[in-house]
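Heavy-atom basis, side chains included; hydrogens, waters and symmetry copies ignored. We name chains A, B, ... by the order of the sequence lines, and we start the count at 1 in each one.
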2 protein chains.
Amino acid sequence: MNNRKRQVIVASQKLFVEKGFQNTSIQDILDESHISKGTFYNYFASKNECLIAIIAKGREEADVRKHEMLIGQDPKDKNILAKQIAVLMQINRDQNLIPIFESIFHSGDPELKEVVMRFHLNELNWLAKRIVDIYGEESKPHCYDAAILTFGMIQHMLHIWKITREDSLDPVLIVKYVIQQLDAILPAQIEKGEHFLGCDLAKYLHENFKHKYVTKEYLVEQLNGFSEGLIEDDLQAGKEYTACLIKSLREETIPYYIIEAIVLPFNTSFKGTKHAAEAQEIANLIWLFIKQNNNLNILNSN
Amino acid sequence: MNNRKRQVIVASQKLFVEKGFQNTSIQDILDESHISKGTFYNYFASKNECLIAIIAKGREEADVRKHEMLIGQDPKDKNILAKQIAVLMQINRDQNLIPIFESIFHSGDPELKEVVMRFHLNELNWLAKRIVDIYGEESKPHCYDAAILTFGMIQHMLHIWKITREDSLDPVLIVKYVIQQLDAILPAQIEKGEHFLGCDLAKYLHENFKHKYVTKEYLVEQLNGFSEGLIEDDLQAGKEYTACLIKSLREETIPYYIIEAIVLPFNTSFKGTKHAAEAQEIANLIWLFIKQNNNLNILNSN
DNA sequence: ATTCATTTTATACTCATGGTACAACTTTTT
DNA sequence: AAAAAGTTGTACCATGAGTATAAAATGAAT
């Protein structure tokens, strides 16, 4: 059942890493995971959706591990930050995500682009906050600039290193090296008092991630509004998904797995209708809600 | 004749910028440039080769303009460097090359990858040398590291800025901002006396670009060696190309256009044979030889 | 102006791939 | 055992890269 889906994800991920996204055909995936085409399209609406699932899994994993590593540790410890970033990069590398990110970002469809961008900005936001943790409040005006520069340096270092050497250097070395540079950059910036893209980016992130701290109530409200907008002509399936989501959210202990399972069909069932955009937006909200709540669980349980 | 080829290049470049490489079909190119499929494949062996031609043109242009800008100027002037890099980025942006680079680098075929990588490392090499110009001999042990970090910072800044804002900020601002960071990074590095990837990269570049200063004599020598390795079973075409190249190189005034025209068929004619790798290597040598000589002409004429 | 070679076009084809449709089969649930 | 859900295999469509080739246009040489 759901095992099948994971089986497909594992197989296709392996192939994407080995051969790249474009160079992996559906047939390759079918052969590798020993399933039929019908089954594949039963779980994923397209090859892209399959990739999105893989990316999402990677980000999820990265988020979890980032959180885990900070638990009980000093947030000001630069070594912890280095390890956190290194883990992130390791996951990216292992899963060959950065290249896939980049390659999709410009040649792929808008939907994939949207997803990748969201994850990317999310990570930037995280690093900016961590930088404030470490370098103090006075670094706040420069934290986004510093985050951008840091990721830029790390990614390019990794890139070049991957090109020129075939051996497997520990990414943590690169990250530490780059953080060293940050030690030189940030004080100089603070002294000068200038900032660059930081301001715009912060505003942008605020606008695009304001729903990050989405509450259950807000979600129900949105879904109710959406539900009322549906007319008789709409698909029965869509109505049922909507109703189920509302019901699930109102339960005492929220059945996250059910919600997670329904979000995708909910979204796809409105594809091509006039509700498509709204449904997409709500689906994103729910994703963020689940993710946020997972993180909370981890934090609470420790 | 050759006009036709440029016509195709211009048209397909426009389309690649607008719609992306993957999203542009051959048919689109044919419609845009008002030629037939036959003609297209008369000039380019594939869509990839067409892209390679575009990229090569862009790099060529960037090289020329970089050179032009430095003529009669103080090599130590940081503003000149900023402008040079900005021009480079501008060309990249205008032609949408960075995204294409990235997207090809990982999902494209090995040949494209090779070409892109070569250009990339070439630019890195250039920047490293410019950094030594500006920051003096003592920066030499760190110049490659600094070049990597600089490109990383610039590209990521551009990337994020492109995502979050739709208006067209002057790239020179970003470059100047990043060079500011370099002012903080390099002295700290010099003081510490550490270097990182720099050493490896320098070695790698040396190995892979040692033929950058390839002489005519060296080329003829290589070709003769290659020619002697050919046996009767080999294709007649390949033999003729080889002989023609040797003959052309020995002429008083070297017929560059002829050589340029023959390199590609020369290379492809040995595809799939046991000489493929060697032919590829020689083809690359010749490319570099032509490029180097073009640059020299420009330098001499000023 | 005629001839001959090259270039260009138009058209029709092959092949690979993403995606759809569906009837038959298997497994799980009840 | 029966119904429901999941799975398979097969056949199909559309698109797009690349090949093949005969006919038409172009252009230079005699």
In this structure, how many angstroms lie between the P atom of C:dA10 and the NE2 atom of B:His34, rounded?
12 Å
side-chain hydrogen bond (donor to acceptor under 3.5 Å, both in side chains) partners of A:Asp28, counting only residues at least two apart
A:Lys19, A:Ser25
Do any side-chain nitrogens or oxygens of A:Arg4 fall under 4.0 Å of OP1 or OP2 in D:dT8?
yes
What integer distance in Å separates A:Asp31:CG from D:dT8:P?
13 Å
Expressed in angstrom and rounded to an integer, what is the separation of B:Ile35 atom CD1 from C:dT9 atom P?
7 Å
List every contact pair, protein side and nucleotides 17-20 of chain C side both N or O, where the distance is under 3.5 Å.
residue, atom, partner, partner atom, Å
C:dG18, OP1, A:Lys47, NZ, 3.0
C:dG18, OP2, A:Ile26, N, 2.7
C:dG19, OP2, A:Tyr41, OH, 3.2
C:dG19, OP2, A:Lys47, N, 3.1
C:dG19, O5', A:Tyr41, OH, 3.4
C:dG19, N7, A:Lys37, NZ, 2.9
C:dG19, O6, A:Lys37, NZ, 2.8

Whenever both distances are under 3.5 Å in a Watson-Crick or G-U wobble pair, mark it; put DNA chain C into dot-bracket that way, with [ ] for crossing pairs and | when the partner is on another strand.
||||||||||||||||||||||||||||||
Qualifying residues under side-chain hydrogen bond (donor to acceptor under 3.5 Å, both in side chains), relative to A:Lys37, sequence neighbours excluded
none
Among residues at least two apart in sequence or on other chains, which ones pass side-chain contact (heavy atoms from CB on, under 4.5 Å) with A:Gln222?
A:Tyr218, A:Leu285
A:Thr39: partners by side-chain hydrogen bond (donor to acceptor under 3.5 Å, both in side chains), with sequence neighbours left out:
A:Ser36
With respect to the phosphate group of C:dT9, does any side-chain polar atom (N or O) of B:Thr39 fall under 4.0 Å of OP1 or OP2?
yes
What pairs meet the salt bridge (Lys or Arg N to Asp or Glu O under 4.0 Å) rule with one or both residues in residues 38-56 of chain A, with sequence neighbours excluded?
A:Glu49-A:Lys271
Sequence neighbours excluded, which residues qualify as side-chain hydrogen bond (donor to acceptor under 3.5 Å, both in side chains) partners of A:Lys247?
none
Calculate the interatomic distance between B:Tyr43 atom OH and D:dG18 atom P; express it in whole Å.
19 Å
What integer distance in Å separates B:Leu30:CG from C:dT11:P?
13 Å
A:Gln27 and A:Asp31: side chain donor to acceptor below 3.5 Å:
yes
Run the ring pair (Phe, Tyr, Trp, His ring centres under 6.0 Å) test against A:Phe226 and tell me which residues pass, sequence neighbours left out.
A:Phe266, A:Phe270, A:His275
